[in-house]
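To keep things clear, I will list the structure first and then write my remarks on it.
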Amino acid sequence: MIDWHNGTSPSQQVDESSAQERSECVLAYIPVIYYSTLLCVGVPVNILTLVALYRLAVRTQKALYVYLLALTGSDILSQLFIIFVGFLLETAVFHRDVPVLLLRSVSMMEFSANHASIWATVPLTVDRYVALCHPLLHRQISYPARARRIIAVVLTLALASGVPFFWWSDMWRVSRAPNSLDTALIWTHVTIIYFLPCCIFLVLNSLIILRLWKRQRQQMCQDESGQQLAVPSKLGKTTAMLLAVTSVFAVLWAPRTGVVLYHLYVSSVHNDWRVHLAYDLANMLAMLNTAVNFFLYCFVSKPFRGAVRDVLLFRGVPLHPRHPLHHQRNAANASTSSISSSKRSQREVTPLSPKRADIKI
């Protein structure tokens, strides 16, 4: 390029220099195509997940599915507010040429939906920890009504936590250096969205894995001593699904957290095209987290796959759980065992059958 000195006014020179310093979007139309595809695939998949989980919640009356319902609903809100309204409409269609009040209001709703999507996983992790490490307490405190109240509190706090982000600055378009307000909002954002939930996931998941490891060692020792015929412990499907969901979240959101802090202390997204590119890719990776849970559930949970198949084939919800006679037979055997001591002692040394040893979610 040739710099022509055409005697423009100082204000025009400042505008031209700021326009030249602004980083360009290297990806061009790739984010538009990516977010459109993610929206077209993610929203129907999450709606299918929502229906399948609702059927399982009605059928089993477990608090687990209430937490998963809240997580899926929050993912749908995140896709609608962040991808559809925030990016496709405001940015790609209207090029941010909308009233400032509307921009800030949508930004506040984006952060609220995002916080709800992530923090809905926290009570699920706590529930799994209590179920494995304190099973007697879990039977007393874990039921759908309490889970719904907990989710209501989490969603209310998530909505309130989005209010300060009404004053969030647009990293792509604000050319000035981050001020004290921007610093406070960025650190609040990364703490709420990543550092705090990841610390909770790390501590509770480590305790869960440690508990399972100790239980496996105890069963191996009992098996070697010949005290009883122990069934080898396995990683429960619910626990495996929890570990998968939290691990995928930690991996997909780590790049965005790093880029935001890099923007705050090293180089601005507005001025450096490399930071701009990294921020675009990190946002695309983070939004992928709102559409992958369906595939994790299908991979881990057989009941969920069955519920999805029933939804796709337009089958009705069964009014009673499967194998009711089997549960009645177990109840009858349990009542009979309280009368006959000899039969009870004989059953204690009989190995469990595979059907009764299998634990499903």
Side-chain angles (χ1 to χ4, degrees), residues 1 15-48 74-114 117-118 165 168-176 178 186 189-190 193-194 248-249 251-264 266-295:
M1 294 178 63
D15 294 338
E16 290 176 359
S17 62
S18 62
Q20 291 176 359
E21 291 177 357
R22 180 178 175 180
S23 60
E24 296 181 356
C25 182
V26 181
L27 297 178
Y29 290 100
I30 293 179
V32 178
I33 299 173
Y34 172 81
Y35 285 123
S36 300
T37 305
L38 186 63
L39 190 68
C40 294
V41 174
V43 172
V45 161
N46 279 330
I47 292 176
L48 177 61
S74 301
D75 286 340
I76 294 176
L77 292 178
S78 298
Q79 291 174 338
L80 293 179
F81 280 108
I82 299 176
I83 299 177
F84 179 68
V85 178
F87 183 83
L88 293 179
L89 286 184
E90 287 186 350
T91 304
V93 177
F94 296 107
H95 301 285
R96 313 288 288 187
D97 189 13
V98 294
V100 177
L101 180 61
L102 180 59
L103 282 176
R104 294 186 178 276
S105 300
V106 171
S107 176
M108 181 181 66
M109 297 306 299
E110 289 175 0
F111 281 97
S112 297
N114 208 353
S117 176
I118 292 173
F165 296 94
W168 179 267
S169 298
D170 191 348
M171 294 184 181
W172 285 291
R173 289 168 176 80
V174 175
S175 58
R176 59 172 174 80
I186 287 176
H189 171 62
V190 298
I193 211 75
Y194 192 76
V248 168
F249 158 74
V251 171
L252 294 181
W253 275 90
R256 186 182 187 278
T257 304
V259 173
V260 169
L261 294 178
Y262 189 88
H263 160 83
L264 179 61
V266 181
S267 181
S268 173
V269 174
H270 181 273
N271 298 328
D272 193 341
W273 68 268
R274 292 166 296 186
V275 183
H276 192 156
L277 174 62
Y279 191 57
D280 287 341
L281 294 176
N283 283 331
M284 294 166 63
L285 200 61
M287 286 298 99
L288 184 62
N289 187 57
T290 62
V292 298
N293 288 340
F294 170 81
F295 305 100

Checklist entry - CG/L252 to CE/M284 distance, rounded to the nearest 0.5 angstrom? => result 12.5 Å

Item to check | For Y279, all residues meeting ring-ring contact (aromatic ring centres under 6.0 Å, His included), sequence neighbours excluded | outcome: W172

Checklist entry - Looking only at heavy atoms, which two atoms of L288 and V292 are closest? And how far apart? => result O-CG1, 3.2 Å

Item to check | Atom of A291, atom of Q79 and distance for their closest heavy-atom approach | outcome: CB-NE2, 3.9 Å

Next on the checklist: Restricting to non-hydrogen atoms, name the atom on S78 and the atom on S117 that form the minimum distance, rounded to 0.1 Å.
Outcome noted: OG-CB, 3.5 Å

Item to check | Atom pair CG/CG of D272 and L277 - distance to nearest 0.5 Å | outcome: 10.0 Å

Checklist entry - Is there a side-chain contact (heavy atoms from CB on, under 4.5 Å) between V275 and S268 once you walk through the steps? => result CA-CA 7 Å; V275 183; S268 173; over 6 Å; no

Checklist entry - How would you list, by chain and number, every residue that makes a side chain to side chain contact (heavy atoms under 4.5 Å, CB included) with I76, sequence neighbours excluded? => result N46, I47, L50, L80

Checklist entry - Is there side-chain contact between L27 and Y34, with heavy atoms separated by less than 4.5 Å? => result no

Checklist entry - Taking the side chain as C-beta and beyond, is there a heavy-atom pair between I82 and F87 under 4.5 Å? => result no

Checklist entry - What are the two closest heavy atoms between A282 and P255, and how far apart are they? => result CB-C, 3.8 Å

Checklist outcome for this item: Nearest heavy-atom approach of L103 to E90 is CD2-OE1, 3.3 Å

Checklist outcome for this item: Between D75 and the options N293, T290, N114, the side chain to side chain donor-acceptor pair (under 3.5 Å) test singles out N293

Item to check | Side-chain touch R256/M287, heavy atoms, less than 4.5 angstrom | outcome: no

Next on the checklist: Can you list everything that forms a side chain to side chain contact (heavy atoms under 4.5 Å, CB included) with F81? Sequence neighbours excluded, please.
Outcome noted: L77, M109, E110, A113

Checklist entry - Is any side-chain heavy atom of R176 less than 4.5 Å from a side-chain heavy atom of S169? => result yes

Checklist entry - Should the pair H189 and F111 be assigned to parallel (<30°), tilted (30 to 60°) or perpendicular (>60°) ring geometry? => result perpendicular

Checklist entry - When you look at Y35 and F84, which way does the side-chain contact (heavy atoms from CB on, under 4.5 Å) test go after all the steps? => result CA-CA 8 Å; Y35 285 123; F84 179 68; over 6 Å; no

